[in-house]
Amino acid sequence: MSLAIYNFLTGQKEPFKGVTEGQVSRFVCGPTVYDYSHLGHAKTYVSFDVIVRWLRYSGYNLRYVQNITDVGHLLDDGEDRILKGARRERVEPMQIVEKYMREYFTDMDALGVARPDISPRASAHVPEQIEMIQTLIEGGHAYVVNGSVYFSVESFSEYGKLSGRKVEDMEAGKRVAVRDEKRHPQDFALWINAPEAHILQWPSPWGRGYPGWHIECSAMAAKYLGETFDIHGGGVDNIFPHNECEIAQSESAHGKPFANYWMLGGTLLIDGVKMSKSLGNFVTIKDALERHRPEALRMFILSGLYRSPADFSEGALEAASKGSDRLNTAARRVREALKNPPDLGPDATPEMTNNLIETLDQMRMRFASAMNDDFNAPLALSVLFDLGTEANRWIDKGIASREALEQADNIFRELGGDVLGVIRAVEVASGGSAAREAGLVQMLIELRAQARASRDFARADAIRNQLAALGVTLEDGAKGTGFRVS
RNA sequence: GGCCACGUAGCCAAGUGGUAAGGCAAGGGUCUGCAAAACCCUCAUUCGUCGGUUCAAUUCCGACCGUGGCCUCCA
């Protein structure tokens with residue numbers, strides 16, 4: 001069962017074939033670090049995180065590069081985003097960069113997103129960018145005007161091939177006044193001449209200035225992944241102009257394909273419309289994490305395809321959160337059954353165990369074929385839900401043999417935990433306070449048991465309700481009362 | 001206006017040329033002192049509308065309606 005990827009470049013699902021057998025080189029456009037990360041970032045990076053985890057789980061040797069944009073990404077009014085942040089907070093631009101880059105990683109860590117292997121910063125790769133621009137000028141793909149350098153879209157016949165746009169179709173100047181110094185309205189800046197007062201600037205062969213937004217990705221991808229690499233990822237909202245420009249620059253400079261597979265994640269909507277600051281429906285990851293567990297957010301994101309848009313709403317999050325609880329409860333029950341094996345009934349024969357093992361093997365295969373089919377996480381997730389239902393049933397029916405439980409536990413840990421990151425790892429109840437807490441709860445459970453034995457249900461319920469208020473849920477079972485902490 | 005997606009039960013959301021995964025919600029039942037958790041049962045003859053191709057379409061084609069995205073701010 002081999003891996004197939006939907007390639008935006010061709011508009012088709014294609015079997016994956018890496019530049020180098022057994023390896024995957026991947027670049028994903030990273031954030032511009034001038035403000036807190038939002039749910040759109042969460043969707044994109046959780047989606048690509050699961051792809052990383054699946055590729056690694058499948059045995060590929062993956063190198064994952066994700067840039068940090070800290071210069072050159074301009075706002076409508078031409079101001080650099082970093083400078084805007086610096087002005088807002090009255091600090092040095094690089095303080096803004098450090099602050100929000102750290103916040104970005106903190107948020108991603110909280111969401112369980114594995115860090116990229118390399119997180120190169122644009123401002124740290126100015127020489128590489130200058131070198132690439134030089135190459136483009138020499139090759140006749142770029143020209144210098146008044147200390148700025150522009151890429152000539154007419155020099156690259158395939159410009160528009162990713163986004164399906166034709167230069168002729170696009171009437172320039174619709175939204176933003178065209179700078180007259182460009183030869184063609186679609187030409188884009190590689191290097192921007194800096195006024196003397198501009199805080200971010202570097203010396204270059206064309207005078208002092210700063211790099212344009214697109215060139216950083218091309219230069220850094222080439223440096224760390226080579227001139228042609230396997231997968232380029234990002235959000236669809238960057239398909240034009242950003243991704244298109246990356247292709248134009250890289251392929252013009254190197255004369256060979258840039259990325260073989262383009263994977264673009266769908267946009268995150270809030271109650272049906274795109275999230276934006278101006279609409280006031282902007283939700284940061286920190287805000288969301290105050291209200292929901294990380295697994296619930298991941299569950300929400302993974303319950304749709306990575307390349308489809310996702311519509312965030314409190315209702316949708318609530319449903320995902322409940323689903324996440326169900327899965328985690330089932331996984332925990334399997335773990336507990338392994339620690340305290342349940343009584344087996346007369347149906348727990350070796351043949352029965354073989355049947356269960358076969359069912360579990362099939363689940364692994366179903367999961368793998370879902371993930372290998374362009375990373376169909378929602379379908380893979382449904383396999384885990386099936387496993388939850390089955391495992392619960394096996395335990396209830398007294399047929400859950402040790403072998404079956406071990407296999408089920410493995411699937412939950414490996415596929416639910418390591419790959420999708422929706423099942424929490426085993427809570428390590430080590431340390432003095434955790435042990436003390438468990439002891440205290442156990443004491444209350446015994447007090448309640450005494451109350452129940454003497455049919456003092458008011459007292460028993462009071463204990464249970466007060467524990468519930470503290471986030472400790474009691475569960476009465478055949479073999480006594482257990483508890484879980486939320 | 002141009003380009004591109006999408007439209008599946010109350011909600012979220014997979015999927016296939018041969019008759020619809022999963023989650024949430026809802027209803028009934030088992031268990032329980034009552035809960036919680038869990039299990040069992042029920043819940044789209046139907047996949048935006050109208051045509052077409054086909055033995056057969058939700059799945060292919062066309063038109064229309066609707067929603068969303070992009071068109072040099074955004075992951």
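So you know, we letter chains A, B, ... as the sequences are listed, proteins then strands, and number each from 1.
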Less than 3.5 Å between a donor and an acceptor, one on the side chain of R464(A) and one on the base of C34(B), is that the case here?
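Yes, the side chain and the base share a sub-3.5 Å donor-acceptor pair.
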Using purine N1 to pyrimidine N3 plus N6-O4 or O6-N4 for Watson-Crick, or N1-O2 and O6-N3 for G-U wobble, each under 3.5 Å, what pairs with A37(B)?
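When the pairing criteria are applied, nothing turns out to pair with A37(B), so the answer is none.
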Mind checking whether F151(A) and F188(A) have ring centres under 6.0 Å apart?
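Judged by ring-centre distance (under 6.0 Å), F151(A) and F188(A) do meet the cut-off.
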Aromatic ring centroids of F229(A) and Y261(A) under 6.0 Å?
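Between F229(A) and Y261(A), the centre distance exceeds or equals 6.0 Å.
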Tell me the interatomic distance from [X], atom [atom1], to [N], atom [atom2], rounded to whole angstroms.
| X | N | atom1 | atom2 | answer |
| --- | --- | --- | --- | --- |
| D325(A) | A38(B) | CG | P | 9 Å |
| K274(A) | C71(B) | NZ | C1' | 12 Å |
| I285(A) | A75(B) | CD1 | C1' | 10 Å |
| N465(A) | C34(B) | CG | P | 16 Å |
| R393(A) | C39(B) | CZ | C1' | 8 Å |
| D311(A) | A5(B) | CG | P | 20 Å |
| R484(A) | A36(B) | CZ | P | 11 Å |
| L268(A) | G68(B) | CG | C1' | 12 Å |

Atom [atom1], compared across [N] and [M]: separation rounded to whole Å:
| N | M | atom1 | value |
| --- | --- | --- | --- |
| C11(B) | C74(B) | P | 34 Å |
| U30(B) | G23(B) | C1' | 23 Å |
| G66(B) | C50(B) | C1' | 15 Å |
| A37(B) | C70(B) | C1' | 47 Å |
| A13(B) | C24(B) | C1' | 11 Å |
| G1(B) | U54(B) | C1' | 38 Å |

[X] side-chain N/O to [N] phosphate OP1/OP2 under 4.0 Å:
| X | N | value |
| --- | --- | --- |
| R455(A) | C34(B) | no |
| N376(A) | G15(B) | yes |
| S308(A) | A14(B) | yes |

Remember a base hit wins even if backbone is also touched, and classify S313(A) as base, sugar-phosphate or nothing at under 4.0 Å, heavy atoms.
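Result for S313(A) = nothing.
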Base, sugar-phosphate, or nothing: which does R459(A) touch, judged by heavy atoms less than 4.0 Å apart?
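The residue R459(A) makes no contact with any strand.
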Parallel, tilted or perpendicular: rings of Y210(A) and H198(A) (30°, 60°):
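Ring orientation, 0 to 90° scale: parallel.
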So, do M101(A) and S119(A) sit near enough that their side-chain heavy atoms are less than 4.5 Å apart?
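Side chain of M101(A) against side chain of S119(A), heavy atoms only: no contact under 4.5 Å found.
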